[in-house]
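Comments concern the structure below.
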Amino acid sequence: MTVLRATITMTVARPDATRLLEGLRPVFALAVQSPGFVRQCITRAVSADPDMCVFVVISDWADEGCFHAFERSRKQDVATAALRAVRTSSDMQLSTVNEPARTGQVIA
């Protein structure tokens with residue numbers, strides 16, 4: 001199985017980290033209800049700048065069409081407004097993920 005992976009990196013000032021995490025809750029709830037949603041997670045990356053926090057949101061989708069339908073929806077635009085207010089930068093990368101290998105298995 002191949003899925004589309006959206007990796008979104010957001011940087012915020014350290015004092016705004018909690019606001020960003022709180023702002024992600026409605027976005028995550030909306031994504032879970034969206035057609036083609038597979039899974040998501042958030043990680044906090046190591047930042048070279050002690051005054052900044054870097055968060056990486058990874059979400060997997062059945063295909064590119066499902067992801068773009070979510071990403072371009074009015075509901076998503078409204079849900080992400082709080083994020084735009086606190087983040088200092090963001091970057092999105094799209095990639096495909098093949099079915100994960102089982103222990104000892106090689107995927108060609």
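Predicted, not measured: the structure shown is a model, and the values here were computed from it. One is the number of the first residue; the rest follow in order along the sequence.
Annotation: salt bridge (charged side-chain N to carboxylate O under 4.0 Å, His left out) contacts of D16 (sequence neighbours excluded): R19. Take A17 and apply the side-chain contact (heavy atoms from CB on, under 4.5 Å) test, not counting sequence neighbours, and it matches V12, C53, F55. Under the side-chain contact (heavy atoms from CB on, under 4.5 Å) criterion, D49 pairs with S47, D51, M52, not counting sequence neighbours.
Side-chain atoms of T96 and T2 form no donor-acceptor pair, as typed in the model, at a separation below 3.5 Å.
In this structure, CE in M10 is found 5.0 Å from CG in L20, a value given to the nearest 0.5 Å. Interatomic distance, I8 CD1 to S59 OG, rounded to the nearest 0.5 Å: 5.5 Å.
For A45 against V56, the heavy-atom pair with the smallest separation is CB-CG2, 4.3 Å. Between V38 and W61, the shortest heavy-atom contact is CG2-C, 3.7 Å. Of all non-hydrogen atoms in Q76 and E71, the two that sit nearest each other are OE1-O, 3.0 Å. Taking each heavy atom of L30 and A79 in turn, the nearest pair found is CD2-CB, 4.2 Å. Across all non-hydrogen atoms, the minimal contact from A82 to G23 is CB-CA, 4.5 Å. Closest heavy-atom contact between F70 and S34: CD1-OG, 3.3 Å.
A donor-acceptor pair under 3.5 Å is absent between the side-chain atoms of R87 and the main chain of T9, judged by distance alone.
Linking ILVMFWY side-chain heavy atoms closer than 4.5 Å, directly or via other members, places V32 and L4 in a single hydrophobic cluster. No chain of hydrophobic side-chain contacts below 4.5 Å, direct or via other Ile, Leu, Val, Met, Phe, Trp or Tyr residues, connects V97 to I42. Connection of F67 to F28 is established within a shared hydrophobic cluster, with ILVMFWY side chains joined at heavy-atom distances below 4.5 Å, either directly or through further cluster members. When hydrophobic clusters are built by joining Ile, Leu, Val, Met, Phe, Trp and Tyr residues whose side-chain heavy atoms come closer than 4.5 Å, directly or via intermediates, I58 is not grouped with L24.
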CA sep, side-chain torsions, deciding dist, call: R44, L21, side-chain contact (heavy atoms from CB on, under 4.5 Å): CA-CA 10 Å; R44 186 169 170 178; L21 291 171; over 6 Å; no
